[in-house]
Student: 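Got a structure for you, written out below as structure tokens; questions coming shortly.
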Amino acid sequence: MRLLRQLATIVAAATGPAVTSTVLTSTVVIGTVTIGTVLATVSGPAAAQSALQSTAKDAARDSWPDRPIRFLVTSAAGGGIDLMARLLAEGLSSELPQRVIVENNGSAGGLIATRTVAKAEPDGYTFLFTGPGMASLPYVYKTPGFDVRRDFESVSLVTRYPLVMVTTPDVPAKTLPEFIALVKKNPGKYAFGSSGIGGASHIPLEAFKASAGLDMVHVPYRGSGQTTAALLGGQIHLVIDGLAPQLPNIEDGRVRALAVTTTERSPKRPDLPTVAETLPGFAFPMWVAVFAPAKTPAAIVERMSKAIAAAVKSPAIAKRFDELVVDPVGSSPKELDRFLDEQLAFNKAAIEKAGISIQE
């Protein structure tokens, strides 16, 4: 407000009926921070108002962040994406002068959270923390309510990590080829679960089912916790989940790991084959990234991107990610743009092949 009052005084002194064009120059200081030199050509009250608004926006950008930042997460609390969001928020506390608040909204596979951020004020205080759903929801829903390229600014690819296909010891198949053969002999008998239609645990299984020529029933749940509980309870027979959350179950013998979805075997479990060793060309890495609403100032996007890169590569956070079998990335906005293009193309092909469509 002090800045606006100072500028208003300057503009009022320079404008009036007889003034047609005036150049104003003033250096404004708030506290110990120099906002900069205000330079505006004024031609009446409308131009003066425009100059004030523009300078106020510049001041807000230069002082960012001066209040808490919100990460809207496209998963329920307690899941893998949520955990990584909270770890990143913790790491950013050392890189930014304001804290990051994590809010969860996993409804409709993250669709609601994505729409919310698409329509949020592009002021640098609301970001989307999401995963592969960002590249699949536009093709799953007939009217998703947002355009990935039009409504968002890429900030940073935070991490990548392997997903793992798991079944239970009750299923008479010890390897992925055996599982495929079993399901082919029993069409429609076996079911797979996911954390929601169009999400990261659904699309790769649809792609797997189509590639292997399988007839399986899809049962969607609300979150990976419910999906794992259903698997352990015998209601479903196959799920895809992060390797880290399933490692305790694998090591305890409660589930049987069949394969990982990355192109290479995981260093944490090199004994686990890749799906591609059975179905060549199959690859579906899990990833999480941060996006901002379109028209968020480039300077804010760049600063947040650099803060994320520093946070994920800090020794403390990198150690936590390693324990979770997660590879820290911390990419630039342009690198995330290229990666997203690849994921959009992959998901479009997989979804069209599986015939997945939701009319909302």
Side-chain angles (χ1 to χ4, degrees), residues 74 108-111 114 130-149 160-167 173 175-221 224 227 231 236-242 258-264 273-289 337-360:
T74 57
L111 182 70
T114 307
T130 186
M134 188 68 167
S136 62
L137 291 174
Y139 305 117
V140 170
Y141 285 86
K142 292 290 185 182
T143 54
F146 62 86
D147 183 286
V148 172
R149 284 307 187 199
R160 280 185 291 197
Y161 56 98
L163 295 171
V164 62
M165 284 187 181
V166 293
T167 185
T175 65
L176 188 59
E178 288 179 5
F179 183 87
I180 292 172
L182 175 67
V183 175
K184 283 186 173 180
K185 290 179 182 178
N186 299 274
K189 178 181 177 181
Y190 289 93
F192 68 90
S194 78
S195 300
I197 296 174
S201 60
H202 179 212
I203 301 305
L205 279 174
E206 289 287 1
F208 163 71
K209 188 179 77 169
S211 297
L214 304 180
D215 180 2
M216 297 183 72
V217 178
H218 173 223
V219 184
Y221 293 89
S224 59
T227 308
L231 178 70
I236 53 177
H237 309 94
L238 182 69
V239 302
I240 276 185
D241 197 4
L258 298 176
V260 294
T261 62
T262 42
T263 54
E264 298 178 354
T274 66
V275 178
E277 291 174 40
T278 300
L279 300 172
F282 188 97
F284 200 102
M286 181 61 180
W287 53 273
V288 294
D337 275 338
R338 290 192 292 270
F339 179 79
L340 184 60
D341 284 341
E342 295 172 0
Q343 293 301 303
L344 285 166
F346 176 87
N347 278 274
K348 185 175 186 292
I351 290 166
E352 289 178 350
K353 186 174 183 179
I356 305 168
S357 179
I358 299 175
Q359 182 71 50
E360 190 184 37

Student: Can you measure from CZ (F146) to OH (Y141) and round to the nearest 0.5 angstrom?
Tutor: 9.5 Å
Student: Could you report the tightest heavy-atom contact between A207 and A350, atom names first, then the distance?
Tutor: CB-CB, 4.2 Å
Student: Report the distance from atom NZ of K184 to atom OH of Y190, rounding to the nearest 0.5 Å.
Tutor: 15.0 Å
Student: Do you know the tightest heavy-atom contact between S211 and L279?
Tutor: CB-CD1, 4.1 Å
Student: Taking all atoms of both residues into account, what is the closest heavy-atom pair of V217 and G188, and its distance?
Tutor: CG2-O, 3.8 Å
Student: Salt bridge or not between E352 and K348? Use side-chain N to carboxylate O under 4.0 Å.
Tutor: yes
Student: Determine, step by step, whether L340 and L344 satisfy the side-chain contact (heavy atoms from CB on, under 4.5 Å) criterion, reporting the C-alpha distance in whole Å, the side-chain angles of both residues, the deciding distance to 0.1 Å, and the verdict.
Tutor: CA-CA 6 Å; L340 184 60; L344 285 166; 4.0 Å; yes
Student: On a heavy-atom basis, which atom in L163 and which in G242 lie closest, and how many Å separate them?
Tutor: CD2-N, 3.7 Å
Student: If you count the non-hydrogen atoms of other residues, nucleotides and ligands that lie under 6.0 Å from CD in E277, is the total more than 12?
Tutor: yes
Student: Donor-acceptor pair, T262 side chain versus E264 backbone, under 3.5 Å?
Tutor: yes
Student: Under the criterion side-chain contact (heavy atoms from CB on, under 4.5 Å), I'd like the reasoning laid out for F192 against I236: C-alpha separation, chi angles, the key distance, then a yes or no.
Tutor: CA-CA 6 Å; F192 68 90; I236 53 177; over 6 Å; no
Student: Are any of the side-chain heavy atoms of Q343 and P132 separated by less than 4.5 Å?
Tutor: no
Student: Identify the residue among I203, L137, V140 that makes a side-chain contact (heavy atoms from CB on, under 4.5 Å) with N347.
Tutor: I203
Student: Could you state the interatomic distance from CE (M134) to CG (L111), rounded to the nearest 0.5 Å?
Tutor: 11.0 Å
Student: Under the side-chain contact (heavy atoms from CB on, under 4.5 Å) criterion, do V183 and D215 qualify, and how do the steps go?
Tutor: CA-CA 7 Å; V183 175; D215 180 2; 5.8 Å; no
Student: Quick one, H218 with E206, criterion side-chain contact (heavy atoms from CB on, under 4.5 Å). Give me CA distance, side-chain angles, the key distance, then yes/no.
Tutor: CA-CA 9 Å; H218 173 223; E206 289 287 1; 4.3 Å; yes
Student: To check you understand the geometry: which heavy-atom pair defines the closest contact between F208 and F282, and what is its length?
Tutor: N-CE1, 3.5 Å
Student: Given side chains that start at C-beta, do those of R149 and D337 come closer than 4.5 Å, heavy atoms only?
Tutor: yes
Student: Please report the interatomic distance CG(L205) to CE(M165), rounded to the nearest 0.5 Å.
Tutor: 5.0 Å
Student: Would you sort out whether S201 and S194 count as a side chain to side chain donor-acceptor pair (under 3.5 Å), showing the intermediate values?
Tutor: CA-CA 5 Å; S201 60; S194 78; 4.5 Å; no
Student: For a 4.5 angstrom cut-off between non-hydrogen side-chain atoms, does L258 reach T167?
Tutor: yes
Student: Start with the C-alpha gap between W287 and F339, add the side-chain angles, then the distance that decides, and say whether ring pair (Phe, Tyr, Trp, His ring centres under 6.0 Å) holds.
Tutor: CA-CA 10 Å; W287 53 273; F339 179 79; 5.3 Å; yes
Student: Is the side chain of T74 donor-acceptor paired with the backbone N or O of G110 at a distance under 3.5 Å, no angle test?
Tutor: no
Student: Got a second to check how far L238's CG is from T227's OG1, nearest 0.5 Å?
Tutor: 11.5 Å
Student: What I'd like to find out is whether the side chain of V164 reaches to under 4.5 Å of the side chain of T261, using heavy atoms alone.
Tutor: no
Student: Please evaluate residues F346 and F284 with respect to the criterion ring pair (Phe, Tyr, Trp, His ring centres under 6.0 Å), reporting the C-alpha separation (whole Å), side-chain torsions for both, the decisive distance (0.1 Å), and the verdict.
Tutor: CA-CA 9 Å; F346 176 87; F284 200 102; 5.5 Å; yes
